[in-house]
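These values consider heavy atoms only, across backbone and side chains, with no hydrogens, waters or symmetry-generated copies. Please read all numbers here as calculations on a predicted model, not as lab measurements. In listed order, ligands and their atoms are each counted from 1.
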Amino acid sequence: MRLAQILFSQGFGSRRDCAGLIAAAEVRLNGRVLLDAHEDFDPAGLTLTVQGQAWPYHASALLMMNKPAGYECSTKPRHHPSVLSLLPMPLRRRNVQPVGRLDEDTTGLLLLTDNGQLIHRLSSPKHHVPKVYEVTTRHPVDETHAARLRQGVMLNDDPDPTLPAGCEPTGPNTLRLTLTEGRYHQVKRMLAAVGNRVDALHRSGYGALVLPTDLQPGQWRWLAIDVPI
Ligand code: URA
């Protein structure tokens, strides 16, 4: 694949922008400045340095972010900045989108991708990806409360009860709740339905993925597109 085409595919702007980066000696490979836009590379496993930043080639982008509070998952945020504003421009230009949504005040594991099929597969109710939430509650919780949630609660707009895949107290005011559905404000509504309230909500797991302890709020990292989820 030609160098200019590689940069274009990775979100470095128009073909003219990409040619401009090469001409301005902003693209390197292992320290060597690449000045020929037509030079051919096998893109698999290639890591270019563009404007001093390492850019591993990914035909499809899949990222994991530790979402901080105060950010919306929408591409058209209304009251707070979008999580997309935490990504560098090439990823935004590639039209990377959050997989599902976390509320503005929810923190933790958020996947983002530019792969429409993956978004569709992971968001499909048929897929039943377990999502693990660490819930801090306003009122104390114990095994009796957890058992009530495990039995399923009715949410007002829904004929079927919401059955968590798991629910266990982890402290006097904390619960670990595992859900395979993705209903609107589901955790907050479930806790409200049993007379409690969510004071803080953090997603620690998504399918087989666990939020790494060294990924700070607002940070993200690449995942292989075929990582088991
Ligand atoms: N449930 C909620 O209520 N909020 C979230 O952000 C995720 C699950």
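- Screening I229, L209, L112 for a side chain to side chain contact (heavy atoms under 4.5 Å, CB included) involving L223 leaves a single residue, L209.
- Of all heavy-atom pairs between P98 and I119, the closest is O-CD1, 4.5 Å.
- In this pair, W55 and W222 present their aromatic rings perpendicular. The plane angle is above 60°, beyond the 30 to 60° band.
- R93 and Q10 are not linked by any side-chain donor-acceptor pair at a separation below 3.5 angstrom, with hydrogens and angles left out of the test.
- Residues with a heavy atom under 4.0 Å from ligand 1: L102, D103, T106, Y133, H185, Q186, V187, K188, L201.
- In this structure a side-chain-to-backbone donor-acceptor pair under 3.5 Å is present from D142 to H145.
- Within the structure, the salt bridge (charged side-chain N to carboxylate O under 4.0 Å, His left out) test picks out no pair touching residues 65-82 (sequence neighbours left out).
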